[in-house]
Amino acid sequence: MRYALRIIVTGIVQGVGFRPFIHRIALANGLHGYVKNIGGSEVEIWIEGAQEHYAGFIRDLYFRKPPPAVIEEVEIYFEKPRGYTSFSILKSEKDRIKYSMIPPDLGICEHCLREILDPRDRRYRYAFNSCAWCGPRYSMMYTIPYDRENTSMRKYSLCRDCLKEYNDIYNVRRYHAQGISCPRDGPRLWLIDSNGEVIGVNDPIREAAKLIDEGYIVAVKGLGGYHIAALASDDDVVLKLRRRKNRPSKPFAVMVLDIGVLEKLVFIDNKARVLLESPQKPILLLRKKPDTPVSRYVSPGLVYEGVFLPYTGLHYLLLMETSDRFLIMTSGNRRGKPMCINEDCAYRELGGIVDYFLVHDREIVNRVDDSVIRFTCGRPVLLRRGRGYAPLWIRVPFKLSSKYIAFGSDLQTAAAIGFDDKIVLTQYIGDADDYDVLLDMDRYVRFLAKNYGVDIGSAVLVVDKHPNYSSRRLAESLAMEYGNRIVEVQHHVAHVLSTASDHGVYGRIIGVAVDGVGYGDDGALWGGEVLEINMYSGSYRRLGHLEYQPLVGDRSVYYPIRFFLSVLSKRLSYEEIIDLVRRREFYRCVEGGYREIEILLKSIERNMYTDTSSTGRLLDGVSAFLGVSTYRSYEGEPAIKLESFASNGSYINDHLEPGIMVINGEYVIGTTDLYLELIDLVDLFRKEDLALTFQYNIGRALGEIVYNVIKGRRNIINSKIFLGGGAAVNDYIVSGIMDLLRQYGIEVVLPSKIPVNDGGIALGQIVYADILNR
Ligand SMILES: [Zn+2]
Ligand SMILES: [Zn+2]
C-alpha cells in the first residue's frame, strides 16, 4: 500500500533555519510535499514519493538538523498520498498559527566566525555577520513572527550577493535566513569621543582596542545592549572603573577571546566548556586559577570569575585586537538603572563613566542582558536569565483557566505572562525599586502580552504578598486602568512552585525555600522554610523554619554584624555583648560605633524589630562575625563571600549542629545557639572550617525536617523535594540538604530553565494563581 507521512515536530524549530532545512532534505531524498509552521513551536511536514526514502528523510531530520534547533517530539501519521509533484515551504496560514514563539538570540556560530577571519571571504572582518543558525533574534524584533520586516534589519536592503544567497536553496545557512547582511549592505560602526564627536578612523574596532589597551574605558554597543569594556588585567583601570561606576566590589564579567585564553584564567571541565560554547554563550562562574592574570579587583573576595566567550563578530574582532585577549565586559548602565540600548541613553548615562563609545546603527529593540549561570553541587543553575534563554516559554502540565500577568518580586526580578499551557517569563528585568527599571518591566510585559494575544484588561494580575514591593504598585496601576483582579502569592510558595513547574511536576509537593527575605503569612520575614503545598487545592502548610530572629531596620541588612548582635541579645546581657564588641572590635563594623550598637540593643528591648527566619540574614551575620564581609554593597554580598571563603575549609565533626525543636506544630531550627557556639569556637578552629561547617549543617537540619515529615507519608510526591530561593545556590547548604536526604532515597531538585532566585518566581506565581482560580 502506498502512503504519505504527515510529521509534526515540536521544539525549537522557528528562527533557526528549520523549514529551509526540511526543504533541502526532502529534495535530497527525492520526496514531495510541504513544510509549514502550525504553532509557536511546531512545524508540520508532509512527504510522499518513493517510500524507501522515508527512512533516510527521518534520519536526516534527526542527525542533520541545524545546530541551534531542538527537537523535543516527533509525531508521525500515515496518510493517503495527495499527488504532490514538488516540495514547498508553505506560508503559515495566519489563523491557524496561534502563537509563534519569539526566538531567543543566538551567539555567533563557528561558520560565521570562520568567514570573518578569512581574508578571502567577502565578509572578512564584518562585525555583524550572521546566518540561519546564529545572530540576534528577540533583541531586534518589533513583533512576531520572526521575519526580516518585523526586525530592525528591515532598513538594510539585501545587496545582490546577499539576495542570491537568500534565494539559493543549497545555501544551507543563508537560504531564507531573515537577519543576513554583509559589509556592503549591513549596519555600520563608528567610534565617538566623550564630546560626541565622530573620530575619523578606517577601522573603529581596531582603534577602540588600541584605546582600551592604553587604559581607556570604552562603551560598546552590542547585541542586547551596551557593555562597558576595560582592561581586566590592570588594577588601576579596574579601580578607576569602580570609582566611576560607583560600584565598590560587585564583580565584573570578563569576556575572553577563546577557550585557549580562558584556560589561563579559570578551571574548565567539559560541562563548563559545552555551556560556554553553546549558542546561548552565557556568563559562567568558574573557579579562578591561582596565577590568573585578571586583577583581583575584578571579583574581590570571590573564588569565582564570571567569564564568557564573544557572542558576536564585533566582540570577537575587538578582543582579537587587544593585547590581553580578555576584557571586562560589564553592563553599560549606571548603578541600579537598566542597561542602555540606544545612543541617547549611552551618552547621558555612561558619559561620566567611559572615555569613548563604539556604536553602530542597528537599533536594539529589546534590551537583553547577558545570562549568568553557576554550578551548585555540580549542576548548572541560572542566576540571571537573559540573552539566549529569554523569552522561551515554559510549558506547564495543565491548561491555565485564564490569562495571567505576574509581576515577580522586587530585586533582580522578571515578570511573566501565562496563557494556554504556556508561561513566558520576560528577560531579566533588574531591581524594580528603580523607576526606569519598573518602566522596563511594564514595557516587556506589554510586549509579550501583545504578541501572545493576552488582553491586559481580561488578565488576572499576580503579585507578591509584600505590601511595599514596587512591582506590586505596577500591577495596581494596571488594575486601576483596566479593573483587573489581583491575586497575592506568598513569596516562598511561589519559589517552590517555580521549581516544581520548571520540571513539569503537579501534585502534592514538599519544598524548601532558602532565601533572603519574603513577606510571610504571619507578617514575619520568611526565608528559611519547609513548605508542603497541595497543587490540587492551593492549600499549603509551613512544616518547619529557621528560628525567628530580630531584624532591626534596613541598616542591619547593610551592616550584618548588627544582625549577629541582635540574635545574641536574646541570650546575653547588655554588658556581655558590649564586652564582645570591644574584644572583637565590632564597633568598627558599623558606622556609628558603640553608640549605634547601644541604640540597636535598646530597640530590641523595646520590641522595635521584625522577626525573620531568613537564611540570607543568618549567613550574613556569620560572614560579619568571621570578618569575611561586614558591609553589603550588592545584594547577597556577605553570604556570597562567606560561601567563597568556605571553599578552603574542612568539615568539623560534632560542632555547630543545630537543635531542632517543635513549636506550635512546626519544626524550628535553633540558630541562637549556633551563634553562641561560634563565639566559643572562633579562636579554636580555622575560620574557613567554621564557615563551611555552619552552612553545611544548616542544610542538613533543613533536610532533617524534610525527612521527619516525609517518612510514613504516601500521598505526596515523596521521592523529590523542590528547592527555591536566592540561597538555594549555596553549595554547602544545598549539599547539606542533598547528603542528608540521599540516604533515604529522596532527590533534591533545582530548576533548570529558570533562575532559582527571584528571577524565576513569576512562574510559580502564575501556577499558584491558576490553582486558586479554578
Ligand atoms: Zn552563523
Ligand atoms: Zn549583502
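Atoms within a ligand are numbered from 1 in the order they appear, just like the ligands themselves.
- Rounding to 10°, one obtains 120° for the angle at the Zn ion (ligand 1) between SG (Cys134) and SG (Cys131).
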For the pair Tyr156 and Asp361, evaluate side chain to side chain donor-acceptor pair (under 3.5 Å) and give the outcome as yes or no after the intermediate values.
-> CA-CA 10 Å; Tyr156 310 97; Asp361 63 1; 2.8 Å; yes
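- Note: angle at the Zn ion (ligand 2), from SG of Cys159 to SG of Cys162, is 120° (rounded to 10 degrees).
- Cation-pi geometry between Arg384 and Tyr428 is met: under 6.0 angstrom from the ring centre, within 45 degrees of the axis.
- Side-chain contact check for Val372 versus Leu285: some heavy-atom pair is nearer than 4.5 Å.
- Rounding to 10°, one obtains 110° for the angle at the Zn ion (ligand 1) between SG (Cys112) and SG (Cys109).
- Cation-pi geometry between Arg174 and Tyr166 is not met at under 6.0 angstrom from the ring centre and within 45 degrees of the axis.
- Aromatic pair Phe308/Phe326: ring centres not closer than 6.0 Å.
- Taking the Zn ion (ligand 2) as the apex, the angle formed with OD2 of Asp185 and SG of Cys182 is 120°, to the nearest 10 degrees.
- Look at Asp161 and the Zn ion (ligand 2): no N/O/S atom of the residue is under 2.8 Å from the metal.
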